[in-house]
Amino acid sequence: MSYAIIGFGKIGQALARAFARSGIEVSVATTRDPESFASAAAAIGPGIVAKKLAEAVKADIVFLAVRFESHQDVANALSNWQGKTIVDVTNAYGVPPEELGGQPSSRVVAQAFTGGRLVKGFNHLGAAVLDQDPAVHGGRRVVFLASDDDGAAAEIGTLAENLGFSPIKLGGLSEGGLLVQARGNSWGQLIFKDLVKFD
Ligand SMILES: NC(=O)c1ccc[n+]([C@@H]2O[C@H](COP(=O)([O-])OP(=O)(O)OC[C@H]3O[C@@H](n4cnc5c(N)ncnc54)[C@H](OP(=O)(O)O)[C@@H]3O)[C@@H](O)[C@H]2O)c1
């Protein structure tokens with residue numbers, strides 16, 4: 001299984017740190033030449049590899065860690081995303097609902113990534129919290145996952161566990177998934193709730 005994080009800003013770097021902590025290799029890409037951020041990637045860990053966008057999107061599992069407004073540009077990097085799972089980490093806070101045709105933002109993202117399986121997740125915490133070791137007080141920091149594809153949600157749930165988090169599945173994008181999506185100028189009820197699960 002291969003992994004990529006598209007976007008190497010605050011959230012992309014927090015995710016990269018989670019991969020580094022767990023010793024899992026991941027590619028990172030932006031619009032820039034990878035040489036311009038290769039040393040910043042390597043400083044996070046030896047398995048964090050800067051690549052060109054066109055190369056990074058060849059991964060099996062692709063984290064979308066760009067601004068919501070940039071999702072279509074990333075989707076355009078491949079004509080078909082069949083066989084891939086996209087983890088939508090974007091928050092469409094402030095995007096007028098009418099621009100989304102009244103749909104949850106993750107559905108709009110899912111439609112852009114033609115053929116791919118979409119999981120909304122890892123988006124409910126601020127980057128400074130997501131950046132930290134998810135092992136907290138003997139428990140594990142919770143990440144919420146929502147998807148219309150149960151197989152994809154299970155796949156990302158396993159990855160979340162391997163990254164040290166405790167995943168909680170919320171169901172479909174338009175159901176429990178609404179709890180972790182912004183709509184216009186309001187946040188879903190679970191956004192910013194930093195929860196820890198004790199098994
Ligand atoms: N910051 C948070 O606390 C937080 C928390 C939860 C969720 N989120 C969500 O996570 C996403 C990223 O937020 P952020 O705070 O990390 O933003 P950021 O610091 O501005 O980083 C955005 C990254 O995306 C890259 N990028 C922009 N357009 C791109 C494209 N077309 N293709 C590839 N890379 C592109 C940028 O690199 P270049 O411009 O150099 O190419 C940059 O590395 C947003 O949707 C945000 O709502 C953020």
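What you are looking at is a predicted structure, and each value in this text was computed from that prediction instead of being measured. Every number for a ligand or one of its atoms is a count from 1 in the order of the listing.
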Open item on the list: Yes or no: does Leu125 have any heavy atom under 4.0 Å from an atom of ligand 1?
Closed with: yes
TODO: Check the angle between the aromatic planes of Phe63 and Phe122 and answer parallel, tilted or perpendicular using the 30° and 60° thresholds.
DONE: perpendicular
Open item on the list: At under 4.0 Å between heavy atoms, is it the side chain or the backbone of Ala65 that contacts ligand 1, or both, or neither?
Closed with: backbone
Open item on the list: Please report whether atom 9 (C) of ligand 1 has a protein non-hydrogen atom at a separation of less than 4.0 Å.
Closed with: yes
- [ ] Name the closest protein heavy atom to atom 29 (C) of ligand 1, giving the residue it belongs to and the distance to 0.1 Å.
- [x] Thr31 CG2, 3.5 Å
TODO: For atom 34 (N) of ligand 1, state which one of Leu15, Ile11, Val74, Thr30 supplies the nearest heavy atom.
DONE: Thr30
- [ ] Any chance you could measure Gln181, atom CD, to Ser174, atom OG, to the nearest 0.5 Å?
- [x] 7.5 Å
- [ ] Examine Asn123 against ligand 1 and note whether any of their N/O atoms are separated by less than 3.5 Å.
- [x] no
TODO: Among all protein heavy atoms, pick the one closest to atom 40 (O) of ligand 1 and tell me residue, atom and distance.
DONE: Arg32 NE, 2.6 Å
- [ ] Give yes or no for whether the N/O distance cutoff of 3.5 Å, strictly under, is met between Gly12 and ligand 1.
- [x] no
TODO: Mark up the atoms of ligand 1 that fall under 4.0 Å of a heavy atom belonging to Thr90, in ascending order.
DONE: 45 (O)
TODO: Would you mind listing which atoms of ligand 1 come within a distance below 4.0 Å of any non-hydrogen atom of Phe8?
DONE: 23 (C), 42 (C), 43 (O)
Open item on the list: Among all the protein's non-hydrogen atoms, which is closest to atom 25 (C) of ligand 1, and how far away is it?
Closed with: Gly7 CA, 3.8 Å
Open item on the list: I'd like to know if the side chain of Asn123 reaches the main chain of Val180, judged simply by a donor and an acceptor atom lying under 3.5 Å from each other, with no hydrogens or angles considered.
Closed with: yes
TODO: Using a strict cut-off of 4.0 Å, indicate which atoms of ligand 1 neighbour a heavy atom of Val89.
DONE: 7 (C), 8 (N), 9 (C), 10 (O)
Task: Contact partition for Val66 relative to ligand 1, non-hydrogen atoms under 4.0 Å - done: both
Open item on the list: I'd like to check which ligand 1 atoms, numbered from 1 as shown, lie under 4.0 Å from a non-hydrogen atom of Ile6.
Closed with: 33 (C)
- [ ] Return a yes/no value: protein heavy atom under 4.0 Å from atom 31 (N) of ligand 1?
- [x] yes
Open item on the list: On a heavy-atom basis, I'd like to know which of Ala182, Gly9, Gly94 is closest to atom 18 (P) of ligand 1.
Closed with: Gly9
Open item on the list: For Lys10, which part has a heavy atom under 4.0 Å from ligand 1: side chain, backbone, both, or neither?
Closed with: both
Task: Ligand-residue contact atoms, ligand 1 with Gly126, heavy atoms, under 4.0 Å - done: 3 (O)
Task: Atoms in ligand 1 flagged as close to Ser70, the criterion being non-hydrogen separation under 4.0 Å - done: 28 (N)
Task: Identity and separation of the nearest protein heavy atom to atom 46 (C) of ligand 1 - done: Asn91 N, 4.0 Å
TODO: Find all atoms of ligand 1 within a distance of less than 4.0 Å from any non-hydrogen atom belonging to Phe68, and give their numbers and elements.
DONE: 45 (O)
